[in-house]
Q: 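Structure in structure tokens, see below.
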Amino acid sequence: MASLMVVRAVIVAVVTVALVQEVAEAREPVLHRVGGGRETWKLGVNFTEWASTQRFYVGDWLFFGFDKHTFSALEVDKTGYEKCEEKGFITNITRGGRDVFNLTEARPYYFISGKGYCFSGMKLAIVVEDFPPQLPTERLDGSSRSDASRTMMVSPLSLKALVIAAVSSSTFLLMILLYF
């Protein structure tokens, strides 16, 4: 009887870990309003400061809101960013002044406004990361360890995800009910 309970506990633990991983990986893309507002791709905004308050992940979007008759939004390489050089841009994002750009890969991205406005500070550099980032984890005994592949670890996020999975996943509940 005790061995049957151990087997059941192991199966429940494996299913739970799989669900926790699935919940943790499910993240909705975020729309970042460049500069922080609806029409803040303009002069007088500190884009470096704004970017330092954001985390950018693959799949997120940038929203550039601006006067299309005055400004533009161009993706450039690092040299174009540093020298405010719009010649040879990668992508012209400018369409209607309320334009979006999808961050499709983990790498640095550089954006400028053409027509000389870059020299007045209208430029943005960001680094896009893969999601999820490496979360700090803690072993069940309270000690920390960076190699999550060698031991089962628990983080506050995974505990929340476990609760969400246990409460909201009808498949999880059904499996437990059918097994027991």
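Every heavy atom of this structure was used, including side-chain atoms; hydrogens, water molecules and symmetry mates were not.
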Q: Are there over 12 heavy-atom neighbours, none belonging to E105, within less than 6.0 Å of that residue's CD?
A: yes
Q: With a 3.5 Å cut-off and no angle check, do the side chains of N102 and T104 form a donor-acceptor pair?
A: no
Q: Please round to the nearest 0.5 Å and tell me the distance separating atom CG of L103 and atom CZ of F56.
A: 7.5 Å
Q: If every non-hydrogen atom of D130 is compared with every non-hydrogen atom of Y57, which pair is closest and at what distance?
A: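 Distance-wise, the nearest heavy atoms are O-CD2, 3.7 Å.
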Q: Under 4.5 Å between any side-chain heavy atoms of F64 and T94, yes or no?
A: no
Q: To the nearest 0.5 Å, what is the distance between CZ on F101 and CG on L62?
A: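 If I round to the nearest 0.5 Å, the distance is 7.5 Å.
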Q: Check the hydrophobic clustering (I, L, V, M, F, W, Y; side-chain heavy atoms under 4.5 Å; chains of links allowed) and say if V76 and V100 are grouped together.
A: no
Q: Report all side-chain donor-acceptor pairs from residues 110-121 shorter than 3.5 Å, counting only partners two or more places apart or in another chain.
A:
{"from": "S113", "atom 1": "OG", "to": "S72", "atom 2": "N", "distance (Å)": "3.2"}
{"from": "S113", "atom 1": "OG", "to": "S72", "atom 2": "O", "distance (Å)": "3.1"}

Q: L124 and V58: same hydrophobic cluster, using ILVMFWY side-chain contacts below 4.5 Å?
A: yes
Q: Show every side chain to side chain donor-acceptor pair (under 3.5 Å) that has at least one partner inside residues 33-48, sequence neighbours left out.
A: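 The answer is none; no pair qualifies.
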Q: Checking D60 now: which residues fulfil salt bridge (Lys or Arg N to Asp or Glu O under 4.0 Å) with it, not counting sequence neighbours?
A: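 If we apply the salt bridge (Lys or Arg N to Asp or Glu O under 4.0 Å) test to D60, skipping adjacent residues, the hits are R27.
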Q: Looking only at non-hydrogen atoms, find the nearest pair between G35 and F47 and report the distance.
A: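 Heavy atoms of G35 and F47 come nearest at CA-CE2, 4.0 Å.
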Q: Can you list every pair that meets side chain to side chain donor-acceptor pair (under 3.5 Å) and has a residue in residues 77-91, with sequence neighbours left out?
A: E75-T91
Q: How long is the straight-line distance from CZ of R55 back to CD1 of I126, given to the nearest 0.5 Å?
A: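 Separation between the atoms: 12.5 Å.
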Q: Show the nearest heavy-atom pair for residues A51 and A125, with the distance to one decimal.
A: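 A51 and A125 have their closest heavy atoms at CB-O, 4.0 Å.
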Q: Please answer: with hydrophobic residues joined when any side-chain heavy atoms are less than 4.5 Å apart, are F71 and V45 in the same cluster?
A: yes
Q: Does a sphere of radius 6.0 Å around CZ in R107 hold more than 12 heavy atoms from other residues, nucleotides or ligands, not counting ones at 6.0 Å or beyond?
A: yes
Q: Taking the side chain as everything from C-beta on, heavy atoms only, tell me whether L43 gets closer than 4.5 Å to M122.
A: yes
Q: Which atom names give the shortest non-hydrogen contact between N92 and A73, and what distance separates them?
A: OD1-O, 3.6 Å
Q: Kindly work out whether a path of hydrophobic side-chain contacts (I/L/V/M/F/W/Y, heavy atoms less than 4.5 Å apart) joins Y109 to I93.
A: yes
Q: Can you list everything that forms a side-chain hydrogen bond (donor to acceptor under 3.5 Å, both in side chains) with T70? Sequence neighbours excluded, please.
A: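 So T70 forms a side-chain hydrogen bond (donor to acceptor under 3.5 Å, both in side chains) with D67.
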Q: Which pairs, with at least one residue in residues 28-68 and sequence neighbours excluded, count as a disulfide bond (SG atoms under 2.5 Å apart)?
A: none
